[in-house]
Amino acid sequence: MITSGYGDIIREGLWTNNPGLVQLLGLCPLLAISGTVVNALGLGLATIATLLISNTLVSLLREHVRPEIRIPVYVLIIASAVTAIELVMNAWFHGLFLVLGIFIPLIVTNCAIIGRAEAFASRNSVPRAALDGLAMGVGFTGVLVAIGALREIVGQGSLLDNAHLLFGEWGRDLRIELFPQEHGFLLALLPPGAFLAMGLLIAVKNLIDAGLEARAAPSATTEPAEPAPSQS
């Protein structure tokens with residue numbers, strides 16, 4: 001049983017054990033669908049819902065599942081959650097559903113989700129498992145949105161393009177044009193641009209972590225020297 005507090009669970013999901021920047025799990029949708037902020041946010045919200053539902057159900061059923069069949073049961077739970085989310089998106093966000101395409105059902109194969117079910121939800125209470133799923137999902141979505149923003153700005157000079165797919169007709173007014181699309185850098189919208197954006201985010205995170213560690217580490221020069229023993 002993991003004894004970390006709720007604050008530690010949130011910190012792990014958002015930063016120290018972020019599934020996108022640290023664990024490097026779920027890279028296929030992370031890199032393939034993050035061409036715009038709206039696409040990234042749509043897939044991220046679906047992933048958050050999947051993690052929250054699957055972690056909660058796995059924690060509820062952990063006492064009733066035999067160890068030798070736990071993985072197939074976890075996959076069945078995740079697949080059921082993803083199917084329900086896919087039907088909801090098809091009904092109420094049909095345009096976004098068509099854009100995301102195969103990457104919605106592929107959430108089932110996301111290693112981050114089955115990993116949290118096995119490593120955390122199956123060993124902790126429902127509130128802790130639900131919070132872990134929420135924190136990991138938000139951390140994953142944050143990386144998705146950051147990559148999407150970088151690629152969209154550099155590639156086509158806009159932000160929140162096609163926001164109406166997620167927010168309705170009023171979302172058309174959310175689009176921000178920073179410069180004409182013909183002046184964009186096409187590489188950012190292609191798969192190599194996703195890898196470059198991902199590498200940049202990892203480098204920034206590592207720099208921040210290194211700075212925090214250097215600031216927290218005690219300086220050897222500030223430690224008082226022990227007085228030499230007096231000789232009489």
Side-chain angles (χ1 to χ4, degrees), residues 10 13-15 18-52 82 85-86 88-107 110 112-113 133-205 207-208:
I10 295 174
L14 297 181
W15 189 258
N18 186 286
L21 296 180
V22 179
Q23 300 181 53
L24 299 180
L25 298 176
L27 292 185
C28 176
L30 189 71
L31 300 175
I33 208 64
S34 60
T36 66
V37 170
V38 172
N39 291 356
L41 183 58
L43 185 66
L45 292 175
T47 304
I48 291 175
T50 304
L51 274 164
L52 186 59
V82 171
I85 293 167
E86 184 178 10
V88 169
M89 293 188 69
N90 192 12
W92 282 295
F93 305 97
H94 186 67
L96 185 61
F97 170 81
L98 294 177
V99 171
L100 297 181
I102 189 61
F103 292 102
I104 300 175
L106 278 179
I107 294 175
N110 193 324
I113 298 176
L134 181 61
M136 288 288 170
V138 171
F140 183 80
T141 302
V143 177
L144 263 174
V145 171
I147 293 176
L150 283 172
R151 297 179 67 189
E152 184 177 355
I153 291 173
V154 176
Q156 61 185 48
S158 66
L159 201 59
L160 292 174
D161 189 33
N162 292 324
H164 64 282
L165 297 177
L166 185 60
F167 301 110
E169 286 303 314
W170 67 272
R172 295 183 185 275
D173 298 329
L174 297 177
R175 186 181 189 274
I176 302 172
E177 184 170 347
L178 303 175
F179 54 82
Q181 184 173 355
E182 57 268 19
H183 296 158
F185 188 41
L186 180 61
L187 180 65
L189 299 177
L190 298 176
F195 284 99
L196 292 174
M198 183 72 177
L200 178 62
L201 289 181
I202 293 175
V204 170
K205 182 186 183 302
L207 285 174
I208 294 174

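Note that the coordinates shown come from a computational prediction; the quantities given were computed from them, not determined experimentally.
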### Message
If we ignore hydrogens and angles and just use 3.5 Å, is the side chain of Asn162 paired with the main-chain N or O of Leu165 as donor and acceptor?
### Response
no
### Message
Show, in sequence, the C-alpha distance, side-chain angles and deciding distance for Ile48 and Leu134, and conclude whether the side chain to side chain contact (heavy atoms under 4.5 Å, CB included) test is met.
### Response
CA-CA 6 Å; Ile48 291 175; Leu134 181 61; 3.9 Å; yes
Identify every side-chain donor-acceptor pair in residues 92-100 under 3.5 Å, counting partners at least two apart or on other chains, and give the distances.
{"residue": "His94", "atom": "ND1", "partner": "Asn90", "partner atom": "O", "Å": "3.4"}
{"residue": "His94", "atom": "ND1", "partner": "Asn90", "partner atom": "OD1", "Å": "2.7"}

For residues 183-190, dump all side-chain donor-acceptor pairs below 3.5 Å to protein atoms at least two apart in sequence or in another chain.
none

### Query
CD1 of Ile113 to OG1 of Thr50: how many Å apart, nearest 0.5 Å?
5.0 Å
#### Entry: Spacing of CG belonging to Leu150 relative to CG belonging to Leu159, to within rounding of 0.5 Å
10.0 Å
### Message
Give me the atom names and distance for the closest heavy-atom approach of Ala163 to Gly171.
### Response
CB-O, 3.3 Å
### Query
Once you round to the nearest 0.5 Å, how far does NZ of Lys205 lie from CG of Leu21?
6.5 Å
### Task
Go through the steps to decide whether Glu86 and Ile107 satisfy the test side chain to side chain contact (heavy atoms under 4.5 Å, CB included), and finish with yes or no.
CA-CA 10 Å; Glu86 184 178 10; Ile107 294 175; over 6 Å; no
### Query
Can you list the residues that meet the ring-ring contact (aromatic ring centres under 6.0 Å, His included) rule with Trp170, with sequence neighbours excluded?
Phe167
### Message
My understanding is that only residues two or more places apart in sequence, or in another chain, count here; which of them pass side-chain hydrogen bond (donor to acceptor under 3.5 Å, both in side chains) with Glu182?
### Response
none
### Message
If I compare all heavy atoms of Gly20 with all of Asn18, which pair ends up nearest, and what's the gap?
### Response
N-OD1, 2.8 Å
#### Entry: Between OG on residue Ser34 and CG on residue Asn39, distance to nearest 0.5 Å
9.0 Å
Without placing hydrogens or testing angles, list every side-chain donor-acceptor pair under 3.5 Å for residues 139-148, not counting sequence neighbours.
{"residue": "Thr141", "atom": "OG1", "partner": "Gly44", "partner atom": "O", "Å": "3.0"}
{"residue": "Thr141", "atom": "OG1", "partner": "Gly137", "partner atom": "O", "Å": "2.8"}

### Task
Quick one: which residue pairs count as a salt bridge (Lys or Arg N to Asp or Glu O under 4.0 Å) with a foot in residues 138-162, not counting sequence neighbours?
Asp161-Arg175
### Message
So for atom CZ, which belongs to Phe195, do other residues, nucleotides or ligands contribute more than 12 heavy atoms lying within a distance under 6.0 Å?
### Response
no
### Task
Can you see which heavy atom on Pro19 is nearest to which on Ala112, and at what distance?
CB-CB, 4.1 Å
### Query
How many angstroms lie between atom CD1 of Ile102 and atom CG of Leu106, to the nearest 0.5 angstrom?
5.0 Å
